[in-house]
Participant: 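Structure incoming, see below.
Sequence positions, counted from 1, serve as the residue numbers for this chain. These numbers were taken from a predicted model, which means no experiment stands behind them.
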Amino acid sequence: MKNTRLKRNSHLNKILIVLTLTCLVLGMTACELTPALRRTAERSINSLIAGIPLSAEDLAGSMELDYSPIPFVRLRLEITPQSLTKEAVNIDFDAFPKIRVSTKFHFSGLYRLYANDRPIISDKKIDLIGEGWINLGFEDTRFFIDDFPSIALKLADHAAECPDIDTIVREPKSVLAGETYRVSTTLNSNVPGHLAYLVFSNNKAVTPDRTVLKTSIGKAQYRYEASMLTNTGIAADNYYGNIMAVQFITANPKNLLDLSAYDVLFTTAITLVKVK
């Protein structure tokens with residue numbers, strides 16, 4: 001009896017979802033979107049956002065660095081991921097079948113900073129929080145993610161000091177497996193007298209060229225461009241990554257060898273590539 005009831009509930013849920021999608025396809029004026037139907041559509045979208053295949057390990061891996069921005073100073077950054085949550089905050093159906101979803105991302109973990117192998121910061125808590133809009137589409141009775149216009153995560157307790165990353169432009173927006181595309185954006189520093197930006201991209205579906213890691217010392221603004229080659233043999237899908245700005249700052253800019261004065265600011269902007 002219990003199995004029969006579960007099958008009946010599953011069948012009713014499928015019918016409700018089909019009715020919801022049918023109403024959306026026909027247009028909200030032609031079929032009244034009841035509170036129950038709207039909640040079903042919102043649950044579907046919430047599940048889509050929460051299930052974006054970008055993990056805490058992906059972001060942590062993209063933030064780890066071992067680099068010498070200036071002679072005689074080697075900086076090494078290690079990240080231990082703890083969690084990454086993705087949630088829909090508000091869903092705008094006004095331009096259906098195009099849909100805008102306000103989202104919130106929250107990454108948490110620990111980081112360690114070494115200068116010339118000397119520990120400067122040990123297991124300091126890192127919380128990156130970002131909000132922005134995701135554009136969705138609707139086709140063949142399903143919602144799909146179309147683009148990330150701009151979602152940048154910053155340190156929750158130092159957001160105003162973290163660098164700004166503008167909207168990320170992809171050219172072209174969709175490619176075949178094995179094809180090349182370019183990403184570009186502009187970064188702006190919010191901290192005067194900083195030491196350096198380290199700017200790079202991470203996406204498991206692509207192989208970046210050698211210019212992907214770039215350093216900018218002492219500039220308030222930086223134009224970032226890099227070429228990406230999609231891996232051959234990958235299936236048609238959306239593949240998610242990020243453009244990362246790690247900004248090393250020092251409280252003693254007159255003495256760059258004062259290793260105890262270093263600290264780190266992070267901003268990571270989410271992006272994707274659409275493989276046809």
Side-chain angles (χ1 to χ4, degrees), residues 54 58-77 79 105 107 111 113 115 120-121 126 128-132 147-173 180-203 206-229 240-256 261-273:
L54 182 70
D58 292 335
L59 290 187
S62 74
M63 287 189 280
E64 292 189 348
L65 287 171
D66 190 340
Y67 196 63
S68 296
I70 59 174
F72 310 114
V73 175
R74 176 186 172 218
L75 298 175
R76 181 159 53 91
L77 180 67
I79 306 288
F105 284 61
F107 169 88
Y111 76 93
L113 176 64
I120 303 302
I121 299 173
I126 175 175
L128 296 173
I129 296 177
E131 296 185 1
D147 204 0
F148 283 77
S150 181
I151 297 179
L153 285 70
K154 296 184 176 185
L155 287 172
D157 53 348
H158 293 289
E161 300 171 28
C162 292
D164 295 325
I165 299 180
D166 291 345
T167 299
I168 299 170
V169 177
R170 306 189 316 274
E171 296 176 333
K173 287 190 173 183
T180 299
Y181 70 102
R182 290 186 64 79
V183 295
S184 61
T185 188
T186 299
L187 288 91
N188 295 279
S189 171
N190 292 310
V191 179
H194 68 276
L195 172 64
Y197 287 124
L198 297 180
V199 185
F200 54 102
S201 299
N202 177 64
N203 190 313
V206 304
T207 301
D209 65 16
R210 292 184 179 181
T211 67
V212 72
L213 176 59
K214 301 183 179 183
T215 306
S216 174
I217 297 179
K219 291 183 180 180
Q221 187 178 81
Y222 183 75
R223 180 68 179 170
Y224 174 76
E225 295 182 349
S227 295
M228 305 288 161
L229 175 65
Y240 298 88
N242 61 313
I243 289 181
M244 189 76 203
V246 176
Q247 189 171 4
F248 295 103
I249 59 174
T250 175
N252 187 5
K254 293 183 179 180
N255 180 10
L256 298 181
Y262 283 93
D263 205 346
V264 186
L265 298 172
F266 306 92
T267 300
T268 184
I270 309 299
T271 184
L272 62 81
V273 58

Participant: Can you list the residues that meet the salt bridge (charged side-chain N to carboxylate O under 4.0 Å, His left out) rule with Lys173, with sequence neighbours excluded?
Facilitator: Asp147

Participant: How about Glu225 and Arg182: do any of their side-chain heavy atoms sit closer than 4.5 Å?
Facilitator: yes

Participant: Considering all heavy atoms of both residues, which atom of Thr185 and which atom of Ile243 are nearest to each other, and what is their separation?
Facilitator: CG2-CD1, 4.4 Å

Participant: Can any side-chain N or O of Thr267 pair as donor or acceptor with the backbone N or O of Asp164 at less than 3.5 Å?
Facilitator: no

Participant: Might you point out which heavy atoms bring Pro163 and Leu265 nearest each other, and give the distance in Å?
Facilitator: CD-CB, 4.2 Å

Participant: Just to verify, what does Asp66 make a side chain to side chain donor-acceptor pair (under 3.5 Å) with, not counting sequence neighbours?
Facilitator: Arg74

Participant: By salt bridge (charged side-chain N to carboxylate O under 4.0 Å, His left out), which residues pair with Asp157, not counting sequence neighbours?
Facilitator: none

Participant: Can you measure from OG1 (Thr250) to CG (Asp263) and round to the nearest 0.5 angstrom?
Facilitator: 9.5 Å

Participant: Are Val264 and Ile249 side-chain neighbours, meaning at least one heavy-atom pair lies under 4.5 Å?
Facilitator: no

Participant: Val183 vs Val169, test: side chain to side chain contact (heavy atoms under 4.5 Å, CB included). Steps then yes/no.
Facilitator: CA-CA 6 Å; Val183 295; Val169 177; over 6 Å; no

Participant: Any chance you could measure Ile165, atom CD1, to Met244, atom CE, to the nearest 0.5 Å?
Facilitator: 7.5 Å

Participant: Answer whether the closest heavy-atom distance between the side chains of Arg170 and Thr271 falls below 4.5 Å.
Facilitator: yes

Participant: Checking side chain to side chain contact (heavy atoms under 4.5 Å, CB included) for the pair Ser189/Lys219: CA distance, chi angles, key distance, verdict?
Facilitator: CA-CA 8 Å; Ser189 171; Lys219 291 183 180 180; over 6 Å; no

Participant: Give, for atom OH of Tyr262 and atom CG of Leu75, the distance between the pair rounded to the nearest 0.5 Å.
Facilitator: 6.0 Å

Participant: I need the minimum non-hydrogen distance between Tyr240 and Leu54, along with the two atoms involved.
Facilitator: O-CD1, 4.1 Å

Participant: Working to the nearest 0.5 Å, report the span between CG of Leu155 and CZ of Phe266.
Facilitator: 6.5 Å

Participant: What are the two closest non-hydrogen atoms of Cys162 and Asn190, and how far apart are they?
Facilitator: O-ND2, 2.6 Å

Participant: Which pair of non-hydrogen atoms, one from Leu153 and one from Gly130, has the smallest distance, and what is that distance?
Facilitator: CG-N, 3.8 Å

Participant: Going by heavy atoms in the side chains, are Phe248 and Val246 under 4.5 Å from each other?
Facilitator: yes

Participant: Would Gln221 and Asn188 count as having a side-chain donor-acceptor pair, cut-off 3.5 Å?
Facilitator: yes

Participant: Would you say the side-chain atoms of Thr268 pair up with the backbone N or O of Asn242, donor to acceptor, closer than 3.5 Å?
Facilitator: no

Participant: Rounded to the nearest 0.5 Å, what separation is found between the CD1 atom of Ile168 and the OG1 atom of Thr186?
Facilitator: 11.0 Å

Participant: Could you give the distance from CZ (Phe105) to CD1 (Ile129), rounded to the nearest 0.5 Å?
Facilitator: 13.0 Å

